[in-house]
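Residue indices begin at 1 and follow the sequence shown. Read the numbers this way: they start at 1 and go in the same order the structure lists the ligands and their atoms. All heavy atoms count here, side chains included; hydrogens, waters and symmetry mates do not.
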Amino acid sequence: MKLSTEPYWQYLLRDVLELYQSGSAGGSAKIRSHMAEVRRLLGKVIDDDPAVQEEEGEELPVCVHLDRALSNAVGYRTARLARSIEGVREHLHWKYGYEKVPRGLTRKYGYAEILGPTGPVVSDRIILGLVLFGPKTTYPGHSHKGLTESYVCISGHTSENDVGVYAPGSLILNPPGHYHRITTADREPCLLAYAWTGARESLVHQKMTFSRK
Ligand SMILES: [Fe+2]
């Protein structure tokens, strides 16, 4: 299957692109240039008309929060993306990424890839995915070697390194090697989209495994 014949995957990618187009960089030159880079790469991916490997999805315990997380996006500028996630939901493959899942995360965390070297939309230009957290979750500190990461909050509220609270539509930039630890609000789940950019080499070899500090 090709992206051009799979409207829901197209909608999903275009809705992510739209958030990187219309969102404010808050006056940060670094964030502005990362957003431009994501737009450039995602535009190329769409032009490439890459393969879509649509497999049967797989859920994790945290997926009990997905309905709530998606409906909590209503009224925010991330609502369209939340709706397009619904369109591919049955094909999302939720994973832990850790060989040994940290205690406390088994029911409260999972990520699903959207675009990357291993699919579902196959490209080695950029990696896009979703991270879902249950309420009151602490995601242990980690950093990503050779990759620039951004999180866009789709729904819920999150804090990173105890220095700010991010609401739906907010973007957080984590430069390569930047150590970050995430917490989520007490009563509601939190759904983030992430984008990873970097050398193709780093993208191909990157896994959701973390170099702890
Ligand atoms: Fe991260």
Hey, is there an N, O or S on Tyr151 sitting under 2.8 Å from the Fe ion (ligand 1)?
yes
Atom name of the N, O or S atom of His180 nearest to the Fe ion (ligand 1) is NE2
State whether the side chain of Thr184 and the backbone N or O of Thr137 hold a donor-acceptor pair below 3.5 Å, judged by distance alone.
yes
Quick check against the 3.5 Å criterion: does Ser28 have a side-chain atom that pairs as donor or acceptor with the backbone of Ala25?
no
Could you tell me whether the side chains of His180 and Glu160 share a donor-acceptor contact shorter than 3.5 Å?
no
Please report whether the ring centroid of Tyr11 lies less than 6.0 Å from that of Trp9.
no
OE1 (Glu149) to the Fe ion (ligand 1) to NE2 (His144): angle, nearest 10 degrees?
100°
